[in-house]
Amino acid sequence: MCEEQTVSLVDVLEEDEELEEEASAVLAGSDSDHCSYPQGYVKRQALYACNTCTPKGSEAAGICLACSYKCHEGHDLFELYTKRNFRCDCGNGKFSELQCKLHPDKDEVNSLNKYSQNFFGVYCTCGRPYPDPEDQVEDEMIQCVVCEDWLHGRHLGCVVPDCVELQEMICESCMKTHSFLWTYASHLAVPGGAAEVKEETAKEPTIPIKEEEVDDAIEPSCKRSHEEVEPRCRLKELQLRLLEAGLSFLLDESDTVLAYENKGKNSEQRRQEDDPLMSALDNLNHVQQLEIIHGYNDMKTELKDFLQRFAAEGKVVTSDDIRQFFEQQSRKRRRVDAGEFYCT
């Protein structure tokens, strides 16, 4: 267990730029300071479930990003990535003791919220946690755009092609539930990603959707010669059936995971541009900028070594430990700034 924590901790510190970019994509699209409840059922937002307040056996509940920070600090949280059309539950009737610190005036229940096994920390058709300490197979999980559950690549019901960037995916179960989607599967499926259906009774494969193929998939069905015009345009038929099935979001480009992540990245970029520290750095000369960069790299290396000792011993890092580390750094900096003293 300690060995796994050590590796995870070192990875986090050494790959901070990549992790920051991923975090920006997921978190920067949501408000980290204000409860999202007043916004109603938010189109898409980062969500969490609190295992401390609503453990397995109780009613499922989801909390927004800001409440995960302000109301559930130190709690055991399940990160749910993003969910569509969800209203924050923090402190409502599903919580026996906790009251929301950011927006305490909430309805007892958000009747339009949809919950799944994810809210209790289990995923996929196998119903296992992630990461799974008993699973030794390295396998990424992919989220279904319809049911929003996460599935292991090996449990998708099809072979996912290598080197394919999947932007949206509809799982086998959802394809069976909404069988009319098979009309469009031949246009939307990634080549090689879905098995050929030889008979009507054949097993229906999962349909991974490649981002750049979505627009081209729907348009041609309505571009026919006058001789080939059908009584009903397939696009209009698709729109009607999606509306009836509650799946209109599949045609809404602004409601995709990609659109949400781009919004988060753009928001984070604007925040960095407005950062007074970055503005101050721009006013420094090249030598001063290099000194700051070297100082930052030295501090990051020392922080990694400092935290690695805790990981190796299986100890929890507290806020006092971090405060002590930076106080030591501050004292060290004052000694360096004071210059060297030579005794004659």
Side-chain angles (χ1 to χ4, degrees), residues 1-5 7-9 11-12 19 22-23 25-27 29-30 32 35-37 42 44-98 100 109-110 112-157 169 171-174 206 257 260-261 311 314 316-317:
M1 188 67 175
C2 292
E3 188 177 62
E4 290 180 358
Q5 290 177 341
V7 173
S8 174
L9 188 55
D11 287 344
V12 168
L19 292 170
E22 292 178 0
V26 178
L27 304 182
S30 298
S32 61
C35 178
S36 65
Y37 182 85
V42 180
R44 185 181 292 276
Q45 63 176 316
L47 283 182
Y48 297 81
C50 183
N51 190 40
T52 303
C53 297
T54 54
K56 190 173 182 179
S58 60
E59 289 190 80
I63 59 176
C64 68
L65 177 63
C67 287
S68 74
Y69 291 153
K70 310 297 183 182
C71 307
H72 299 265
E73 182 181 4
H75 291 192
D76 180 18
L77 300 177
F78 296 128
E79 185 177 356
L80 303 178
Y81 193 61
T82 68
K83 300 288 186 185
R84 291 188 316 273
N85 302 324
F86 199 93
R87 197 173 197 182
C88 180
D89 286 322
C90 181
N92 69 8
K94 295 188 174 186
F95 294 78
S96 58
E97 299 179 358
L98 181 135
C100 181
V109 177
N110 295 313
L112 299 183
N113 281 354
K114 294 181 179 179
Y115 306 92
S116 68
Q117 62 177 357
N118 295 173
F119 288 79
F120 296 109
V122 291
Y123 311 87
C124 190
T125 56
C126 60
R128 296 295 300 169
Y130 184 84
D132 188 347
E134 299 180 8
D135 187 0
Q136 303 302 317
V137 179
E138 293 186 6
D139 191 0
E140 293 186 4
M141 301 193 80
I142 305 173
Q143 188 180 37
C144 173
V145 70
V146 176
C147 68
E148 297 188 297
D149 195 2
W150 290 84
L151 296 97
H152 294 100
R154 64 187 186 274
H155 296 156
L156 286 176
M169 184 275 294
C171 72
E172 180 182 355
S173 176
C174 290
T206 304
V257 174
Y260 174 86
E261 290 183 346
V316 175
V317 182

I'd like to know if the side chain of E148 and the backbone of R84 have a donor-acceptor N/O pair within less than 3.5 Å. yes
Would a 4.5 Å heavy-atom cut-off, applied to side chains only, mark S173 and C147 as touching? no
Do Y81 and V257 touch side chain to side chain, with heavy atoms closer than 4.5 Å? yes
For the residue pair Y123 / S116, report whether a side-chain donor-acceptor contact shorter than 3.5 Å exists. no
Could you pull out the closest heavy-atom pair between L80 and N118, with the gap in Å? CD2-O, 3.3 Å
State the NE2-CG distance between H152 and D135, to the nearest 0.5 angstrom. 5.5 Å
Are the side chain of N110 and the backbone of C88 linked by a donor-acceptor contact shorter than 3.5 Å? yes
To the nearest 0.5 Å, atom NE2 of H75 lies from atom CG of L98 at 6.5 Å
Answer yes if the ring centres of F86 and Y115 are under 6.0 angstrom apart, and no otherwise. yes
Might you work through the side-chain contact (heavy atoms from CB on, under 4.5 Å) test for F78 and N51, ending with a clear yes or no? CA-CA 7 Å; F78 296 128; N51 190 40; 3.6 Å; yes
I need the K70 NZ to I63 CD1 distance, nearest 0.5 Å. 13.0 Å
Shortest non-hydrogen contact from L151 to C171? CD1-CB, 4.1 Å
Straight-line distance of K83 NZ to Q143 CD, nearest 0.5 Å: 5.5 Å
To check you understand the geometry: which heavy-atom pair defines the closest contact between P133 and P131, and what is its length? CD-O, 3.5 Å
To the nearest 0.5 Å, how far apart are SG in C67 and CG in L77? 11.0 Å
Distance under 6.0 Å and angle within 45° of ring axis: K94 vs F119: no
Does the side chain of V122 come within less than 4.5 Å of K56's, by heavy atoms? no
Please check: side-chain N/O of S30 versus main-chain N/O of L65, any donor-acceptor pairing under 3.5 Å? no
If every non-hydrogen atom of Q117 is compared with every non-hydrogen atom of C124, which pair is closest and at what distance? NE2-O, 2.8 Å
Say you draw a straight line from NE2 of H72 to SG of C100; how long is it, rounded to the nearest 0.5 Å? 7.0 Å
Heavy-atom donor-acceptor pair, T52 side chain to D76 backbone, under 3.5 Å: yes
